[in-house]
2 protein chains.
Amino acid sequence: MAAENQELRNAGLKVTLPRIKILQILESADPGSRHMSAEDVYRALLQSGEDVGLATVYRVLTQFETAGIVTRHNFETGHSMFEIAKDDHHDHMVCLSSGEVIEFSDSLIEERQRQIAQEHGFELIDHSLVLYVRKSSDD
Amino acid sequence: MAAENQELRNAGLKVTLPRIKILQILESADPGSRHMSAEDVYRALLQSGEDVGLATVYRVLTQFETAGIVTRHNFETGHSMFEIAKDDHHDHMVCLSSGEVIEFSDSLIEERQRQIAQEHGFELIDHSLVLYVRKSSDD
DNA sequence: AGCTTAATGCAAATGCGTATCATATTCATC
DNA sequence: GATGAATATGATACGCATTTGCATTAAGCT
Ligand SMILES: [Mn+2]
Ligand SMILES: [Mn+2]
Ligand SMILES: [Zn+2]
Ligand SMILES: [Zn+2]
């Protein structure tokens with residue numbers, strides 16, 4: 001309950017109602033909907049009966065990102081998706097049929113990326129890998 | 001000269017001046033500037049003395065993409081980048097210092113991606129891999 | 001050349017995200 | 001617990017890349 005409060009304080013953010021609520025929504029999202037757009041979060045807030053402005057949702061999500069509480073993804077959907085940051089890095093697989101987002105992580109690929117950057121005289125700072133897939137049975 | 005005309009016809013597109021010009025600009029771009037935004041193409045047109053509307057540039061680029069003549073990339077720069085489609089697939093490395101775009105292709109990563117999708121019961125349809133890097137010497 | 005249809009250019013409309021600013025809230029201090 | 005300075009919020013205006021509506025123009029077939 002006070003867990004969110006502490007997390008916000010640790011991030012150097014004032015404990016406000018919108019921030020607590022947004023954090024709760026992101027943390028309580030089930031695996032299938034871990035990845036939410038600002039609109040998604042906004043709608044969830046409204047359904048919880050909270051009266052928070054969309055501008056605040058955007059602001060808070062950006063603050064959370066800066067604080068390392070959430071991670072922002074730019075899938076090809078045109079709008080940013082956010083998820084509670086995990087301790088370990090992972091990449092994503094998006095099903096073109098259902099839209100579901102599956103997380104995975106492959107050390108081989110991770111390592112190879114570092115090598116490739118190095119071979120070109122660069123240092124790997126970040127990367128974005130998204131697999132677009134379809135159920136094997138589908139036609 | 002008539003090469004562009006044929007390419008447009010093959011794509012099922014009417015041969016118009018804007019389309020020819022845009023195709024020429026993309027095809028004649030040197031390796032360092034293969035990847036252009038709609039604005040980039042628009043500016044290049046103006047400098048060639050052509051009077052083409054920006055809306056037309058956007059429309060034509062989208063048509064070229066549909067026809068498989070160009071490939072669209074959504075790097076984290078905020079705007080789409082286009083390049084003449086090559087026969088072989090490749091991925092990109094974007095230098096965060098200079099903005100330069102380097103192409104690479106790694107069969108190991110390509111194969112691993114296919115495996116990962118399969119292991120999750122999916123078929124790999126497409127993927128997007130972008131490495132964000134910095135010159136190794138930079139601080 | 002004439003005609004039908006698609007393409008173009010301009011301007012207005014979108015849509016996601018950010019900036020502004022007056023008001024409300026937090027929280028350190030009394 | 002009240003007070004007040006600093007910060008956060010919400011409504012709205014704005015910015016920017018891209019799209020769309022529509023009157024005009026150009027392509028291409030006869
Ligand atoms: Mn994730
Ligand atoms: Mn390329
Ligand atoms: Zn990764
Ligand atoms: Zn690839």
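Residue numbers start from 1 in every chain, and the chains themselves are labelled A, B, ... in the order their sequence lines are given, proteins ahead of strands.
- Note: CG (B:Leu13) to P (C:dT8) measures 9 Å, nearest angstrom.
- Between B:Ser80 and D:dT18, a side-chain N or O to OP1/OP2 separation shorter than 4.0 Å is present.
- Side chains of A:His79 and A:Glu39: a donor-acceptor N/O pair is absent below 3.5 angstrom, by distance only.
- The side chain of A:Ala55 lies closest to D:dA11 when the candidates are D:dA27, D:dA11, D:dA17.
- Following rounding to the nearest Å, B:Arg9 (CZ) and D:dA27 (P) show an atom-to-atom distance of 12 Å.
- Each of A:Gln63 and B:Glu39 was assigned the nucleotide of DNA chain D with the nearest heavy atom; the assignment lying further toward the 5' end belongs to A:Gln63.
- B:Asp51 places its CG atom 14 Å from the C1' atom of D:dT24, with the value rounded to the nearest Å.
- Taking atom CD of A:Glu76 as the reference point, atom P of C:dC16 lies 17 Å away to the nearest angstrom.
- Note on ring orientation: taking the six-membered ring where Trp is involved, the planes of B:Phe75 and B:His73 are parallel (angle under 30°, cut-offs 30° and 60°).
- Between B:Thr62 and D:dT18 there is no side-chain N or O to OP1 or OP2 distance below 4.0 Å.
- Between B:Arg59 and C:dA7, a side-chain N or O to OP1/OP2 separation shorter than 4.0 Å is absent.
- We find that CD of A:Glu50 is positioned 13 Å from P of C:dT25, with the value rounded to whole Å.
- Comparing C:dC16, D:dT9, C:dT8 by their nearest atom to the side chain of B:Pro18 picks out C:dT8.
- At C:dG9, one or more side-chain N or O atoms of B:Thr56 fall inside 4.0 Å of OP1 or OP2 (strictly under the cut-off).
- Checked options B:Val60, B:Thr56, B:Asn5, B:Val52; the residue passing with B:Arg19 is B:Val60 (criterion: side-chain contact (heavy atoms from CB on, under 4.5 Å)).
- Across all strands, A:Ser37 comes closer than 4.0 Å to no nucleic acid atom at all (heavy-atom distances).
- Listed nucleotides C:dT18, D:dG10, D:dA8 differ in distance to A:Tyr58; the shortest reach to its side chain belongs to C:dT18.
- When distances run from any side-chain atom of A:Lys14 to the nucleotides C:dG9, C:dA7, C:dC27, the shortest one goes to C:dC27.
- Nearest-nucleotide positions on DNA chain D for B:His79 and A:Arg19 put A:Arg19 closer to the 5' end.
- Per the geometry, CG belonging to B:Leu8 stands 12 Å off P belonging to D:dA27, to the nearest Å.
- Atom CG in B:Leu46 sits roughly 14 Å away from atom C1' in C:dC10 (whole-Å rounding).
- For B:Asp88, the CG atom sits in a packed shell: over 12 heavy atoms of surrounding residues, nucleotides or ligands are nearer than 6.0 Å.
- Scanning both residues, B:Met81 and B:Ser37, for their nearest heavy atoms gives SD-N, 3.8 Å.
- Protein atom CG of A:Leu17 is 15 Å distant from nucleotide atom C1' of C:dC27, rounded to whole Å.
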